[in-house]
Protein chains: 2
Amino acid sequence: MAQTGTRAAATTAAIEEAALDLALAHGYETVTVDRICEQVGISQRTFFNHFPTKDDAILGREMPSIDERAARAFVLADGPLLLDALLLIPVPEGDAAPPRMDERMRIIAGHPHLLARQIERVSTLEAELREIISQRIAHADPAGDDAARESESALITCLMGGMMRFATSEASAARRGESMASRVEEARGVLERVLAR
Amino acid sequence: MAQTGTRAAATTAAIEEAALDLALAHGYETVTVDRICEQVGISQRTFFNHFPTKDDAILGREMPSIDERAARAFVLADGPLLLDALLLIPVPEGDAAPPRMDERMRIIAGHPHLLARQIERVSTLEAELREIISQRIAHADPAGDDAARESESALITCLMGGMMRFATSEASAARRGESMASRVEEARGVLERVLAR
DNA sequence: AAGGCAGTGTGCAGTCACTGCATGAAAGGT
DNA sequence: ACCTTTCATGCAGTGACTGCACACTGCCTT
């Protein structure tokens, strides 16, 4: 499934690229797996050896991950919990960003189920996220009880999912075409105003 | 697609029921559309005339909707916006609940993609929800500017999705098997604590 | 009574995503 | 040169879903 050698890696990359190209050129739904395979020059079986799903091929292989530094800063910070938590949203930017992220986003935006899947993927980090949030709460309130801490961190994790959806949605039409980082920044501002009410 | 006459309605109901029965008896993934059709005594084609998707058959036809009274109360309330918004989460209960809701929930709980779909369905109400939230903000702050109001209500809508996910998740393991209403109540409590931080 | 229309169900044949299994070829270390 | 691991493949199947043309059933009109 997750193959590691360089040969396989090359194939994986080729599939990813072809999938993206075709989807951009002809639209997501008209692109079949067979078509992608044809383009890459591999068999369908091989395709599914590399990606469990057509969707995954389009979303790409690298999963976002939580920035260590941001996590540490978050644990020690003492601002409003919800706002600080936004620091944890992984925002691939610049060189670290998976290549062609913007093109991907364009496709994702038009296909809600891809967005859902993307968020579901991020929530693979849920455990990690919860753990970090839990630490922060423990740090701020060493006397708190465990169960409370657990449910609070779980809830914040869910809310983060909502924030991501907002950030990636076109709700902020003004932000269309802008980077993920600036969208999150925008979302932060809106959240601040909401919390003030 | 959505057929209205009583005859069709009966068929729809029969499909829904059979789907649920079979899923409960043999597990969601082992239940095929063909199996459901066999049970009901219809053709596969007919099945898909009634439900666009196998998932939809299991989730059922009636969509949750926002309670009018709750909406009015929300618009006029003046508590913390996020907390008040929880009032809007449609919580089918008692007689008003679609029949066998609890059994459905049991299946949904074990199949994340069904949950995602359910939430996606609720978000069909997004426009309505946004409108109501927008009214509330306008009521509280008549001088506010339109764009801000729009983005704020959109964001809250997204956060509501997160709250729903939390409420339906097993995060609050203690609540397992309890009604949706009490889960939302629990979630409300946790959110209060979080906001206090 | 005859004809027509709308609502509903059906059979068929096909497309597409995805899987299990067994086999083959190439890479790379020894 | 030998052997093991890694990759790719072919095949044959399953299961969801669609388009199409056709058939049956009222019911309404004339």
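Each chain gets a letter, A, B and so on, in the order its sequence line appears, and its residues count up from 1. Note that these values count all heavy atoms, side chains included, but never hydrogens, waters or copies made by symmetry.
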Whole angstrom value for the distance that separates [atom2] of [N] from [atom1] of [X]:
X	N	atom1	atom2	answer
A:Glu38	C:dA17	CD	P	13 Å
A:Phe48	D:dC11	CZ	C1'	15 Å
A:His113	C:dA17	NE2	C1'	11 Å
B:Gln44	D:dG19	CD	P	14 Å
B:Asn49	D:dC22	CG	P	17 Å
B:Arg7	D:dG26	CZ	P	7 Å
A:Ile58	C:dA17	CD1	P	10 Å
A:Lys54	C:dC18	NZ	C1'	12 Å

**Asked** Which of residues 15-36 of chain A have a heavy atom under 4.0 Å from DNA chain C?
**Response** A:Val31, A:Thr32, A:Val33
**Prompt:** B:Phe48 ring centre to B:Lys54 NZ or CZ under 6.0 Å, with the angle to the axis within 45°?
**Reply:**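 The answer is no; the distance or angle limit is not met.
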Run the salt-bridge test on [X] and [Y] with the 4.0 Å N-O cut-off and return the result as yes or no.
X	Y	result
A:Arg149	A:Asp141	no
B:Arg100	B:Glu103	yes
A:Asp56	A:Arg61	no
A:Arg104	A:Glu16	yes

Between [options], which nucleotide has the shortest distance from any of its atoms to the side chain of [X]?
X	options	answer
A:Ala8	C:dG9, D:dA8, C:dA17	D:dA8
A:Ser43	D:dT9, D:dC17, C:dC18	D:dT9
B:Thr46	C:dG9, D:dA8, D:dT9	C:dG9

Please enumerate all protein N or O atoms sitting under 3.5 Å from an N or O of nucleotides 21-24 of chain C, with distances to 0.1 Å.
{"from": "C:dC21", "atom 1": "N4", "to": "A:Arg45", "atom 2": "NE", "distance (Å)": "3.4"}

**Asked** Only one of B:Ile108, B:Leu59, B:Val122 clears side chain to side chain contact (heavy atoms under 4.5 Å, CB included) with B:Arg117; which?
**Response** B:Leu59
**Message:** Is the phosphate of C:dG9 approached by B:Thr11 (side-chain N or O, under 4.0 Å from OP1 or OP2)?
**Reply:** yes
**Asked** OP1 or OP2 of C:dG9 sitting under 4.0 Å from any side-chain N/O of B:His50?
**Response** yes
**Prompt:** Do you know which two heavy atoms are closest between B:Phe47 and B:Ala57, and how far apart they sit?
**Reply:**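 Taking every non-hydrogen atom into account, CZ-CB, 3.7 Å.
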**Request:** Provide the closest heavy-atom pair for B:Ala187 versus B:Ala167 in the form atom of the first, atom of the second, distance.
**Result:**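 Scanning both residues, the minimum pair turns out to be CB-CB, 4.5 Å.
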**Request:** Taking side-chain contact (heavy atoms from CB on, under 4.5 Å) as the test, write out the residues that go with A:Asp84, two or more places apart.
**Result:**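 A:Phe74, A:Ala77, A:Arg136.
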